[in-house]
> 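Handing you this structure, nothing more for now.
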Amino acid sequence: MKIGVISDTHDRDPVIKAAVEILRERGVELVLHCGDIQSARVIPFFAGMPMHFVRGNWDYPRDPIATAIAAIDGQLYEPYGELVLEDKSIAWLHSHDRTLFRNLTHSDLFDFIFYGHTHEKGERRVGKTRIINPGALFRAKPKRC
């Protein structure tokens with residue numbers, strides 16, 4: 001299964017639309033959003049894709065975002081999401097809750113953990129777990145054009 005992972009879209013219409021188009025072009029079958037969508041108004045841009053979101057520290061008010069995600073048949077998880085895909089255990093979260101992030105990354109329960117919040121692309125391994133930050137679609141560090 002081909003999955004896409006994005007994070008920190010922060011209501012930026014042009015970059016969200018471009019990212020969704022790239023995900024579709026690449027045949028992505030499921031998308032994990034690692035939080036900081038920012039508001040409900042951009043959720044419809046993700047319609048038609050199997051979307052799984054976690055809430056970030058900028059994702060308020062809660063109810064309109066949850067309602068918008070449900071309206072596109074997406075799933076919202078709190079405080080983190082977890083799935084098993086093709087025998088691989090996957091978790092994703094925003095990582096602004098440092099204790100939760102540390103506990104998950106050191107639990108040795110997951111094959112992959114995806115996270116956002118820092119806006120910095122990165123990858124490392126802790127035990128069996130591959131921990132990946134896809135970077136941000138807004139205010140990425142380093143900034144890419």
> Is Leu76 reachable from Trp92 through a run of hydrophobic residues whose side-chain heavy atoms are each under 4.5 Å from the next?
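The answer is no; the residues belong to distinct hydrophobic clusters.
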> So which pairs with a foot in residues 24-35 pass salt bridge (charged side-chain N to carboxylate O under 4.0 Å, His left out), sequence neighbours left out?
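Pairs touching residues 24-35 that pass the test: none.
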> Who else is in the cluster with Val84 when I, L, V, M, F, W and Y are joined by side-chain contacts under 4.5 Å?
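Val84 clusters with nothing; isolated.
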> Applying salt bridge (charged side-chain N to carboxylate O under 4.0 Å, His left out) as the test, list every pair that has at least one member in residues 90-99; sequence neighbours left out.
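The answer is none; no pair qualifies.
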> Taking ring pair (Phe, Tyr, Trp, His ring centres under 6.0 Å) as the test, write out the residues that go with His10, two or more places apart.
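For His10, the residues satisfying ring pair (Phe, Tyr, Trp, His ring centres under 6.0 Å) (neighbours in sequence not counted) are Trp58, His119, Phe138.
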> Let me check something: do Phe53 and Val28 share a hydrophobic cluster, defined by ILVMFWY side-chain heavy atoms less than 4.5 Å apart, either directly or through other members?
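Yes, one cluster joins them.
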> State which residues pass side chain to side chain contact (heavy atoms under 4.5 Å, CB included) with Arg41; sequence neighbours excluded, sorted by chain then number.
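Testing Arg41 for side chain to side chain contact (heavy atoms under 4.5 Å, CB included), a comparison that skips the adjacent residues, returns Asp11, Asp13, Ser39.
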> Using every non-hydrogen atom in the two residues, find where Pro44 and Ile72 come nearest and quote the distance to one decimal.
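Closest approach of Pro44 to Ile72: CA-CG2, 4.2 Å.
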> Go through the structure and list residues passing side chain to side chain donor-acceptor pair (under 3.5 Å) with Ser95, not counting sequence neighbours.
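Applying side chain to side chain donor-acceptor pair (under 3.5 Å) to Ser95 gives none.
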> Working note: Arg130 + Glu123, criterion side chain to side chain contact (heavy atoms under 4.5 Å, CB included); need CA distance, chi angles, decisive distance, verdict.
CA-CA 7 Å; Arg130 193 167 165 197; Glu123 182 175 352; 2.4 Å; yes
> Pair Thr9, His33 - check side-chain hydrogen bond (donor to acceptor under 3.5 Å, both in side chains), show working.
CA-CA 9 Å; Thr9 52; His33 192 301; 3.0 Å; yes
> Give the minimum heavy-atom separation between Tyr60 and Ile65, together with the two atoms involved.
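Heavy atoms only, the tightest pair is N-CD1, 3.7 Å.
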> Picking from Leu23, Ile16, Val31, Ile69, what satisfies side-chain contact (heavy atoms from CB on, under 4.5 Å) with Phe46?
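Single pass found, and it is Ile16.
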> Please report the closest heavy-atom contact between Tyr80 and Leu100, naming both atoms and the distance.
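Minimum heavy-atom separation between Tyr80 and Leu100: CD2-CD1, 4.0 Å.
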> How long is the straight-line distance from CD1 of Ile132 back to NZ of Lys121, given to the nearest 0.5 Å?
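The NZ atom of Lys121 sits 10.5 Å away from the CD1 atom of Ile132.
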> To the nearest 0.5 angstrom, please state how far the CG atom of Asp36 sits from the NE2 atom of His96.
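Answer rounded to 0.5 Å: 8.0 Å.
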> Kindly indicate, with the supporting measurements, whether the criterion side chain to side chain contact (heavy atoms under 4.5 Å, CB included) is fulfilled by Val54 and Leu32.
CA-CA 8 Å; Val54 293; Leu32 305 176; over 6 Å; no
> Could you state the interatomic distance from CD1 (Ile6) to CG (Leu137), rounded to the nearest 0.5 Å?
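Answer rounded to 0.5 Å: 5.5 Å.
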> Give me each pair satisfying salt bridge (charged side-chain N to carboxylate O under 4.0 Å, His left out) with a member in residues 67-93, each pair once, sequence neighbours excluded.
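Residue pairs passing salt bridge (charged side-chain N to carboxylate O under 4.0 Å, His left out), neighbours aside: Arg55-Glu78, Arg62-Glu78.
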> Using residues 103-117 as the side-chain source, report each donor-acceptor pair under 3.5 Å to any protein atom, sequence neighbours left out, with the distance given to one decimal.
from, atom 1, to, atom 2, distance (Å)
Asn103, ND2, Thr99, O, 3.4
Thr105, OG1, Phe101, O, 3.0
Thr105, OG1, Arg102, O, 3.1
His106, ND1, Arg102, O, 3.0
Ser107, OG, Leu104, O, 2.9
Ser107, OG, Leu109, N, 3.2
Asp108, OD1, Lys128, N, 3.1
Asp111, OD2, Ser89, N, 2.8
Asp111, OD2, Ser89, OG, 3.2
His117, ND1, Asn57, OD1, 3.2
His117, ND1, His94, NE2, 3.2

> Could you pull out all residues at least two apart from Asn133 that satisfy side chain to side chain donor-acceptor pair (under 3.5 Å)?
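In terms of side chain to side chain donor-acceptor pair (under 3.5 Å), with neighbours along the sequence ignored, Asn133 is linked to Thr118.
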> Can you name the nearest heavy-atom pair linking Leu85 to Met1, along with the distance?
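That would be CD2-SD, 4.0 Å.
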> With Pro64, which residues qualify under side chain to side chain contact (heavy atoms under 4.5 Å, CB included), at least two apart?
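So Pro64 forms a side chain to side chain contact (heavy atoms under 4.5 Å, CB included) with Ala40, Pro61.
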> Could you pull out the closest heavy-atom pair between Val20 and Met49, with the gap in Å?
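Nearest heavy atoms, Val20 then Met49: CG1-SD, 3.6 Å.
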